[in-house]
**Q** 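Pasting in a structure now, in structure tokens, and then I'll have a few things to ask.
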Amino acid sequence: METITFLGFNLYAWITIATVLTLFSLLLFTKIRADITFLGAVGVLYVTGVLDAKEAFSGFSSTSVVVIGVLFVVVAGLTYTGVLQWIVKHLLGQPKTYGKAVVRLMLPVAALSSFLSNTTVVALFVGIVKMWSKKLGISPSKLLIPLSYASGMGGVCTLIGTPPNLIISGLYADHTGQQMNVLATTLPGIFCLLVGVLSIIALRRLLPERQAPESAFENASDFTVEFMVPSDNPYIGKTISEAGLTEVQGGSLIEQIHFDGEVSSPVTPNDVLMGGDRLVFAGQIDELLGLRQSHQFVIADHPVFTMSELDKSRKLRTAYVNFSSSLAGTAIGKSSFEHDHNMTLVAVARRGKRIEESPRDVVLQPGDTLLWECPPRLNLDTDNLNSQLHFFDSNQIPNIGRGTIVSTFIMLAMVAVSALGIMPLLQCACIAAFAMLITRCCSMEQAMKSINWDILMVFAGSVVLGLAIQKTGIAERLAFGILDVCGTNPLVVMTAICFVGTFITEFISNTAAGAMFFPIMYQAAEKLGYEPYPFLIALMISVSSSFATPIGSPTHMLVYGPGGYRFSDFMRIGLLMNLIILAANIFIVNVIYPLTPL
């Protein structure tokens with residue numbers, strides 16, 4: 001790769017730098033899927049000759065990537081046998097103070113996240129925490145950020161708890177031929193977790209007290225709901241005043257849309273009701289839904305001629321729009337979503353402001369809370385419905401029984417065998433996944449559905465990107481640059497790289513940050529003449545310590561909508577948390593793993 005250099009970098013290095021910067025920009029400022037972005041970056045590096053074919057596709061055969069894929073099956077076994085639900089039911093309890101509630105919530109979540117997908121754990125707990133917070137008389141927004149933080153801090157406590165740990169430990173094994181113990185990060189991770197729990201309690205005033213989105217359906221001014229007048233309605237031909245709709249208990253009529261498209265807004269007492277009219281109300285949802293009985297109005301996305309046409313078994317369910325949902329930026333009335341899923345939109349709520357239009361005409365935003373009329377049994381896996389909406393009441397509770405005990409034993413055995421060095425983690429994970437299948441803790445179909453191929457593509461791309469950064473000499477140059485700025489004090493260098501890693505992971509995936517910063521940290525440690533091991537332990541914790549933005553972690557996005565949060569809510573407490581955990585990280589790593597000269 002001998003070419004003309006500019007500012008110390010050759011052509012291939014500049015291509016890699018441009019690719020990485022473009023990748024950052026696409027992840028930050030566009031809605032292009034992360035897996036597509038990473039695969040595109042790998043393609044650019046291969047086509048331009050930065051990497052050969054073997055190097056470009058090495059990520060797909062990386063041990064750490066394969067381990068992640070296999071662990072998805074292990075998690076499926078734990079989920080479908082009810083292990084997670086049993087833990088939730090028996091561990092939260094009824095604490096008397098906020099501080100005790102935070103401890104009872106964060107410690108079990110962190111423990112689960114040490115072995116399971118953070119996203120899986122938080123998705124399970126979101127609905128439970130919302131119900132639990134009502135029992136405790138605490139705003140859900142006071143508990144949902146701690147929930148998300150706990151999953152991230154718990155994930156770093158084992159190598160299998162979070163993808164960056166697997167990526168960094170896998171790259172370390174590739175470079176040195178030595179495997180990290182699966183519990184290598186346990187002691188520093190637990191210390192940082194305890195510091196984090198105490199910090200949350202001390203900084204609780206910085207946590208916002210927001211209104212939960214679905215509670216907006218109980219308050220005037222936060223939502224709109226639309227009814228239709230059936231063609232056999234007894235109030236047809238009467239004025240709004242005669243029908244008793246000028247002063248509706250719990251709300252007001254703000255718009256009348258006739259079947260021919262004519263709109264009356266504001267609605268006057270003398271406007272006449274006609275069959276097929278759509279009436280848009282604003283007010284308290286529980287009061288307004290009473291109009292279905294008192295005035296025989298219906299919720300429908302097509303003309304209804306008689307009340308007998310309606311399916312009385314349909315149920316109301318609340319969901320919020322996921323951040324990655326294709327519904328964002330669209331109006332339900334202009335799509336076939338309702339027809340495709342046999343669901344009807346009833347109402348829309350958005351934090352703190354009234355939406356002055358029909359629910360089906362509202363251009364939806366991520367985090368909007370929607371009230372749906374659904375069939376009695378709604379298959380959330382059908383047509384990828386789970387990727388569009390997160391239902392507050394969607395957690396299906398499996399039966400606790402023999403499978404619960406079996407799957408728990410399989411997981412504990414996998415961790416123990418790997419931790420004791422009896423067998424490498426990949427072999428342990430493969431045996432555990434096979435055991436989950438043959439003991440029927442999960443079916444083959446459930447196992448295949450549990451594998452998140454998008455995430456695996458991101459992991460594989462991250463490994464290849466890290467390889468390019470190292471191969472082209474970028475990592476070495478950056479390491480020298482950091483040494484020039486920070487001097488030769490290993491603690492200062494470790495802190496500087498971890499600080500930058502913590503900042504970067506607020507905007508890109510922690511997996512990508514881990515893969516990109518591994519070669520920089522490794523090279524810096526070697527240039528200083530120290531064993532890279534403690535530097536890499538500190539890096540694992542830092543790239544998973546993203547607290548200051550809702551886009552810093554998928555788990556933050558999971559709680560963003562249900563907690564009714566604003567973007568700035570995370571920054572108020574998150575910036576301080578970043579600094580506190582960084583200091584705790586550097587301190588404890590150097591206590592447990594003293595720096596050792598090469």
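One is the number of the first residue; the rest follow in order along the sequence. Remember, predicted model here, so these are calculated numbers, not experimental data.
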**Q** Check C428 against V417 and note the closest heavy-atom contact, atom names and distance.
**A** SG-CG1, 3.5 Å
**Q** Flag the pair S544 / M153 as yes when at least one side-chain heavy-atom distance between them is below 4.5 Å, and no otherwise.
**A**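 No, their side chains stay 4.5 Å or more apart.
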**Q** Could you go through V363 and T330, starting from their C-alpha distance and side-chain angles, then the distance that decides it, and tell me whether this counts as side chain to side chain contact (heavy atoms under 4.5 Å, CB included)?
**A** CA-CA 5 Å; V363 177; T330 65; over 6 Å; no
**Q** Between CG of L528 and OG1 of T488, what distance do you get to the nearest 0.5 Å?
**A**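 Nearest 0.5 Å value for the CG-OG1 distance: 7.0 Å.
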**Q** What residues, two or more places apart in sequence or in another chain, satisfy salt bridge (charged side-chain N to carboxylate O under 4.0 Å, His left out) together with E526?
**A** none
**Q** Taking atom OG1 of T185 and atom CG of N165, what is their separation to the nearest 0.5 Å?
**A**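 It comes to 5.0 Å.
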**Q** Got F9 and T16 here, is their nearest side-chain heavy-atom distance under 4.5 Å?
**A**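 Sidechains of T16 and F9: no contact.
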**Q** Going by the side chain to side chain contact (heavy atoms under 4.5 Å, CB included) test, name the single residue among S169, S545, P164 that passes it with M540.
**A** S169
**Q** Decide yes or no on side chain to side chain contact (heavy atoms under 4.5 Å, CB included) for E55 and L45, but give the supporting numbers first.
**A** CA-CA 10 Å; E55 292 167 332; L45 295 174; over 6 Å; no
**Q** How about Y565 and F570: are their ring centroids closer than 6.0 Å?
**A**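 Yes, close enough.
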**Q** Which value, rounded to the nearest 0.5 Å, describes the distance between D340 atom CG and S335 atom OG?
**A** 7.5 Å
**Q** Could you tell me which residues satisfy ring pair (Phe, Tyr, Trp, His ring centres under 6.0 Å) with F57, sequence neighbours excluded, listed by chain and number?
**A** Y46
**Q** Taking the six-membered ring where the residue is Trp, are the ring centres of Y533 and Y172 under 6.0 Å apart?
**A** yes
**Q** Measuring only between side-chain heavy atoms, which start at C-beta, is N578 closer than 4.5 Å to L582?
**A** no
**Q** State the OG-CE distance between S542 and M494, to the nearest 0.5 angstrom.
**A** 10.0 Å
**Q** Heavy-atom distance under 4.5 Å between the side chains of N585 and P188, does that happen here?
**A** no
**Q** To the nearest 0.5 Å, how far apart are CG in L166 and OG1 in T158?
**A** 8.0 Å
**Q** Sub-3.5 Å donor-acceptor pair from the side chain of T505 to the main-chain atoms of T502, do we have one?
**A**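 No, T505 side chain to T502 backbone: no donor-acceptor pair under 3.5 Å.
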**Q** Checking side chain to side chain contact (heavy atoms under 4.5 Å, CB included) against V197, which of L193, V195, I200 comes through?
**A** L193
**Q** Of all the heavy-atom pairs spanning C498 and M521, show the shortest one and how long it is.
**A** SG-CE, 3.8 Å
**Q** Which heavy atom of C157 sits nearest a heavy atom of I190, and at what distance?
**A** SG-N, 3.7 Å
**Q** Show your working on ring pair (Phe, Tyr, Trp, His ring centres under 6.0 Å) between Y149 and F547 and close with a plain yes or no.
**A** CA-CA 7 Å; Y149 285 1; F547 305 115; 4.7 Å; yes
**Q** Going by heavy atoms in the side chains, are S141 and L207 under 4.5 Å from each other?
**A**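 S141 does not reach L207 side chain to side chain.
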**Q** Could you check if a side-chain atom of V500 sits within less than 4.5 angstrom of a side-chain atom of F517, using non-hydrogen atoms only?
**A** yes
**Q** State the OG-CE distance between S199 and M577, to the nearest 0.5 angstrom.
**A**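 Output value for this atom pair is 5.0 Å.
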**Q** Check V20, T19, L26 against T22 for a side chain to side chain contact (heavy atoms under 4.5 Å, CB included) and give me the one that passes.
**A** L26
**Q** If I compare all heavy atoms of I160 with all of S114, which pair ends up nearest, and what's the gap?
**A**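 It is CG1-O, 3.8 Å.
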**Q** Would you please test L595 and E531 for side chain to side chain contact (heavy atoms under 4.5 Å, CB included) and show each step?
**A** CA-CA 7 Å; L595 298 177; E531 163 61 43; over 6 Å; no
**Q** Identify the heavy atoms of V70 and A429 that sit nearest to each other, and give their distance.
**A** CG1-O, 3.1 Å
**Q** Search all heavy atoms of I541 against all heavy atoms of C192 and return the closest pair with its distance.
**A**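 Taking I541 first and C192 second, the nearest heavy atoms are CG2-SG, 4.2 Å.
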**Q** Any non-hydrogen side-chain atom of L536 less than 4.5 Å from a side-chain atom of M180?
**A**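 Yes, close enough: below the 4.5 Å cut-off.
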**Q** Are Y12 and K471 side-chain neighbours, meaning at least one heavy-atom pair lies under 4.5 Å?
**A** no
**Q** F38 and L23: side chain to side chain contact (heavy atoms under 4.5 Å, CB included), yes or no, with the steps?
**A** CA-CA 7 Å; F38 274 91; L23 176 74; 3.7 Å; yes
